[in-house]
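Chain identifiers are assigned alphabetically (A, B, ...) following the order of the sequence lines, protein sequences preceding nucleic acid strands; residue numbering begins at 1 within each chain. No experiment lies behind these values; they were computed from the predicted model shown. Just so it is clear, the values below take in all heavy atoms, side chains as well, and ignore hydrogens, waters and symmetry mates.
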Amino acid sequence: MQPINRMKIEFDSKSTNEAFARVVVAAFAAQLDPTLEDLADLKTSVSEAVTNAIIHGYEQKTGTIYMECILYSNSIKVIIEDHGIGIEDIEKAKTPAFTTKPELERSGMGFSVMESFMDTLHIESEKGKGTKIIMTKRFSRD
Amino acid sequence: MQPINRMKIEFDSKSTNEAFARVVVAAFAAQLDPTLEDLADLKTSVSEAVTNAIIHGYEQKTGTIYMECILYSNSIKVIIEDHGIGIEDIEKAKTPAFTTKPELERSGMGFSVMESFMDTLHIESEKGKGTKIIMTKRFSRD
Amino acid sequence: MTLDITIKQENQVLTVYLKGELDHHAVSKIKDTIDLNILKAPVKKLVLDMSGVTFMDSSGIGLIVGRFNRIRSFGGSMTIKNPSQTLLKILKMSGIDQLMKIN
Amino acid sequence: MTLDITIKQENQVLTVYLKGELDHHAVSKIKDTIDLNILKAPVKKLVLDMSGVTFMDSSGIGLIVGRFNRIRSFGGSMTIKNPSQTLLKILKMSGIDQLMKIN
Ligand SMILES: Nc1ncnc2c1ncn2[C@@H]1O[C@H](COP(=O)(O)OP(=O)(O)O)[C@@H](O)[C@H]1O
Ligand SMILES: Nc1ncnc2c1ncn2[C@@H]1O[C@H](COP(=O)(O)OP(=O)(O)O)[C@@H](O)[C@H]1O
């Protein structure tokens with residue numbers, strides 16, 4: 001599969017950039033003319049991954065978030081990466097309702113949302129080094 | 001002056017990315033709550049610089065465009081860079097109505113727009129190496 | 001880019017109207033406002049009107065569950081009103097519809 | 001993300017209605033359509049209705065000047081209609097208002 005367009009962005013781990021990241025991905029994906037539902041699923045999943053980098057990866061301290069989008073004729077791949085604290089146990093982290101930050105009223109549903117709203121989800125993480133989320137979504141035709 | 005937010009993006013030199021670049025900058029600048037007129041001036045100037053990188057810098061061949069935005073409390077700095085053919089004579093290039101691509105019906109008004117719509121415009125270019133446009137805009141308060 | 005919040009208190013019913021995008025950034029700005037209003041006067045029922053909410057992710061789930069636990073600790077109940085189809089999808093996915101009334 | 005174009009021909013007046021964002025990408029897609037219509041039937045006047053145009057940069061100036069030169073080479077004239085305040089700013093800046101009527 002040949003990519004038809006790609007972009008890479010990096011931005012500060014500030015919570016105002018959660019909305020910014022969603023707009024960026026939506027504007028890029030718009031080139032494929034996705035359905036509103038597919039676009040909403042994509043935005044929600046991006047929001048989860050970026051929020052996780054801010055809250056968990058960098059624990060709300062200063063850091064840089066890296067995001068890459070690759071467009072194919074009918075799908076998008078999004079890679080979201082932080083150089084934060086990393087995930088100890090990925091399988092456990094994916095368990096619905098599991099969270100290490102209950103004091104922040106996290107629901108522990110972020111990974112469940114990404115898994116259910118995207119077509120594939122792949123998590124790479126190393127303790128002390130950071131986390132990389134790779135997700136893809138195929139766009140349905142109306 | 002301390003930056004309050006910053007982002008860096010790179011994308012393919014495809015004409016579909018002209019609109020994308022505008023949305024990205026507008027979404028980022030929106031954090032400062034600019035007036036609609038200031039936002040329109042900014043979008044137009046970004047469009048000029050990105051289009052120039054596509055048409056002149058890379059001569060509509062494949063290349064990568066680099067864009068950086070730095071937000072201050074009341075202004076934005078935008079840097080747009082290509083690794084394309086570069087500009088032979090910057091002063092000449094800035095002359096209103098001067099264009100090296102009249103066959104593409106270019107108006108030669110791109111730099112004039114950037115100069116008049118932004119507060120500062122700085123051009124760095126080396127033949128065969130590429131071009132870097134640095135522009136800033138102060139946002140007026142309504 | 002921000003979330004607007006309007007609050008109405010009537011006969012021990014606290015209605016919270018939200019307008020905008022409900023993400024982590026927004027949640028951290030409005031949580032205390034809601035909680036202060038729950039403490040200010042006796043509340044038997046908390047109604048979250050989401051008709052103006054155009055986006056929500058799992059940070060919104062955290063907000064809802066957090067307020068649900070709080071209001072329940074005072075013996076009160078909670079209802080979600082007017083979520084869009086998009087919001088309903090994530091509310092159901094996370095089992096919120098098992099905890100409280102959504103209409 | 002695209003520009004829509006509608007064309008009406010009546011009594012040697014060709015009216016082109018544009019809707020969307022007029023940048024280099026859009027210009028390269030619609031230029032030939034306009035030129036073909038100028039050639040198809042005798043045109044004395046070209047009217048560019050910009051009421052639907054929400055964005056324009058200097059690529060739009062290039063499009064306008066290019067069509068102006070073409071129609072003038074056939075002895076015709078050109079008018080710009082209904083540009084927004086934002087568009088008017090760039091039309092004036094580039095001196096288009098000296099070349100043709102804008103109303
Ligand atoms: N980028 C990250 N860096 C470090 N830990 C993470 C990251 N993303 C997720 N985690 C871990 O995985 C857990 C589950 O994540 P998630 O399902 O999104 O729920 P929540 O964000 O509500 O805690 C988090 O509580 C955290 O421990
Ligand atoms: N990124 C660039 N790389 C190479 N040359 C450029 C670049 N940007 C501008 N130029 C040169 O400067 C000239 C004037 O640019 P501009 O004022 O934007 O007008 P136009 O794009 O209509 O030609 C161009 O015709 C081109 O020769």
Can you tell me how far [atom2] of [Y] sits from [atom1] of [X], rounded to the nearest 0.5 angstrom?
X     : Y      : atom1 : atom2 : result
C:S58 : A:N52  : OG    : CG    : 7.0 Å
A:I55 : C:H24  : CD1   : NE2   : 3.5 Å
A:S47 : C:E21  : OG    : CD    : 8.5 Å
C:I90 : A:S107 : CD1   : OG    : 8.0 Å
A:S15 : C:K29  : OG    : NZ    : 6.5 Å

More than 12 foreign heavy atoms under 6.0 Å from [atom1] of [X]: is that the case here?
X      : atom1 : result
A:E59  : CD    : yes
C:E10  : CD    : no
C:K19  : NZ    : no
A:K129 : NZ    : no

- Task: Before giving the answer on side chain to side chain contact (heavy atoms under 4.5 Å, CB included), spell out for C:K89 and A:E37 the whole-Å C-alpha distance, their side-chain angles and the decisive distance to 0.1 Å.
- Result: CA-CA 10 Å; C:K89 194 165 159 183; A:E37 183 172 0; 2.9 Å; yes
- Segment of C:T86 engaging chain A (4.5 angstrom heavy-atom cut-off):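 For C:T86, side-chain heavy atoms alone lie under 4.5 Å from chain A.
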- Query: Which region of A:N17, side chain (C-beta onward) or backbone (N, CA, C, O), has a non-hydrogen atom less than 4.5 Å from a non-hydrogen atom of chain C, or is it both or neither?
  - Reply: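 No part of A:N17 comes within 4.5 Å of chain C.
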- Minimum-distance pair of heavy atoms, taken over all atoms of C:S59 and A:T51: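 Minimum heavy-atom separation between C:S59 and A:T51: OG-CG2, 4.0 Å.
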- Message: Can you give me the closest heavy-atom contact between C:L63 and A:E105, atom names plus distance?
- Response: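 Smallest interatomic distance, heavy atoms only, reads CA-OE1, 4.4 Å.
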- Query: Out of A:K43, A:E48, A:E18, which one pairs with C:D57 under the side-chain contact (heavy atoms from CB on, under 4.5 Å) rule?
  - Reply: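 By the side-chain contact (heavy atoms from CB on, under 4.5 Å) criterion, C:D57 pairs with just one of A:K43, A:E48, A:E18: A:E48.
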- Does a side-chain heavy-atom distance below 4.5 Å link A:T44 with C:M56?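 SC-SC contact between A:T44 and C:M56 ruled out.
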